[in-house]
Amino acid sequence: MSSSLSSGVQVGSGEQVQAIIDELYRLYPEARYDLDFTTPLELFVATQLAAQCTDERVNAVTKTLFQKYRSAADYAGANQEELEQDIKPTGFYRKKANQLRVSCQYLLDHYGGEVPGTMAELVRIPGIARKTANVILGNAFGVVDGFIVDTHVDRLSKRFGWSKQNDIVKIERDLMALVPREHWLEVAHRIIYHGRAVCNARKPLCAQCTLASYCPSAMLDQ
DNA sequence: CTCCCGATAT
DNA sequence: ATATCAGGAG
């Protein structure tokens, strides 16, 4: 079932997984979550804005947004059109503005305007699914209940041969089984760094990738 | 599966 | 011209 790599290691074996993890830590010792925030609510807002948008653009918007809107009530009571303009550069701005108002109203109705700190509570909030919940839990509360599966983790998991699933939840389950729990958050951050810098969607730079000997998708003849 | 948004890379 | 960008809902 499992195939052998140029390194002689089997795809999906503990040896391959650990080799990739080790190299990711070596490559990106300082990897962290790149959205700027100082409170759980700020992370709650920034993460919703991050859909299909670079972190850089989100940070450019939140720099002033967080000065203007300081509480869940500020977002819930915001004027839709005004909030749209405040977040416009992040894209999907009508949907995101509405989603911020609705999700923050939900925080007011159920949690006194605070962001809850459990997976079960977070995924009940409209606009919050497991990816966003995992980001909030891991980065604002230090709670690691799952594996962040965003567009990069989805893509690299398949390239590494760690999952053949298309359903995000099934990919997350595969990763939780393969990667030791203490590495879930840190490895997710580093997979994302590598996905941006080297293993990008359009034209992965396999020839200069130090993971290539452990990667069944490496295309070294380019 | 499509839609939401527009800038940017290829 | 087309795919992609730290997604989620209908």
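This is a predicted model, so every value here is computed, not measured. These numbers come from the heavy atoms of this one structure, side chains and all, not from hydrogens, waters or symmetry mates.
Other residues, nucleotides and ligands contribute more than 12 heavy atoms inside 6.0 Å of the CD atom of A/Glu182. The 12-atom threshold is not exceeded at NZ of A/Lys170, counting heavy atoms of other residues, nucleotides or ligands nearer than 6.0 Å. The number of heavy-atom neighbours closer than 6.0 Å to CD of A/Glu23, taken from other residues, nucleotides and ligands shown, is above 12. Within 6.0 Å of OH on A/Tyr214 lie no more than 12 heavy atoms contributed by other residues, nucleotides or ligands.
Rounding to whole angstrom units, CG of residue A/Leu185 and C1' of C/dA6 are separated by 13 Å. Note: CD1 (A/Ile125) to P (C/dG8) measures 12 Å, nearest angstrom. Atom NZ of A/Lys96 and atom P of C/dG8 are 11 Å apart (whole Å). A/Arg124 has its CZ atom 14 Å from the P atom of C/dA9, to the nearest Å. One atom, CD1 of A/Ile168, and another, P of C/dG7, lie 9 Å apart when rounded to the nearest Å. Whole-Å rounding puts the A/Gln85 CD to B/dG6 C1' distance at 13 Å.
When the P atom is compared between B/dC4 and C/dA1, the two are found 22 Å apart, to the nearest whole Å. When the P atom is used for both C/dG8 and B/dA7, the distance is 24 Å, rounded to whole Å.
Contacts with DNA chain C (heavy atom under 4.0 Å) in residues 21-34 of chain A: A/Arg32, A/Tyr33, A/Asp34, listed by number.
When the side-chain nitrogen and oxygen atoms of A/Thr132 are compared with OP1 and OP2 of C/dG8, one or more of them lie within a distance under 4.0 Å. OP1 or OP2 of B/dC5 lies within a sub-4.0 Å distance of a side-chain N or O belonging to A/Arg94. Dashed line: the shortest gap from a side-chain N or O of A/Arg190 to OP1 or OP2 of C/dA6 is not under 4.0 Å.
Heavy atoms of A/Arg130 sit nowhere under 4.0 angstrom from any nucleic acid atom. Contact annotation for A/Leu35: no contact, since no heavy-atom pair falls under 4.0 Å across all strands.
Ion pair A/Arg26/A/Asp22 not flagged as a salt bridge, since none of the NZ, NE, NH1 or NH2 atoms sits closer than 4.0 Å to an Asp/Glu carboxylate oxygen. Using a 4.0 Å cut-off between charged nitrogen and carboxylate oxygen, A/Arg101 and A/Asp74 do not count as a salt-bridge pair. A salt bridge is absent between A/Lys131 and A/Asp154: the closest approach of a Lys/Arg side-chain nitrogen to an acidic carboxylate oxygen does not fall below 4.0 angstrom.
Using a 5.5 Å limit on the distance between ring centres and a 30° limit on the angle between planes, the aromatic ring of A/Phe92 does not count as stacked on the six-membered base ring of B/dC5.
Proximity note for A/His152 (side chain, C-beta onward) versus B/dC4, C/dA6, B/dA7: the nearest is C/dA6. Taking only side-chain atoms of A/Lys95, from C-beta outward, the nucleotide of C/dG8, B/dG6, C/dA6 with the closest atom is C/dG8.
Between A/Phe37 and A/Tyr33, the ring-plane angle classifies as perpendicular under the 30° and 60° cut-offs.
Side-chain contact of A/Thr118 with A/Glu121: a donor-acceptor pair under 3.5 Å is present, judged by distance alone.
Looking at which nucleotide of DNA chain C each of A/Gly127 and A/Asp150 is closest to, the 5′-most match is held by A/Asp150.
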Wobble G-U and Watson-Crick pairs count when both distances are under 3.5 Å; given that, what is the 5' to 3' dot-bracket string of DNA chain B, with | for pairing to other strands?
||||.|||||
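Residues passing the salt bridge (Lys or Arg N to Asp or Glu O under 4.0 Å) test with A/Arg130 are A/Glu172, sequence neighbours excluded.
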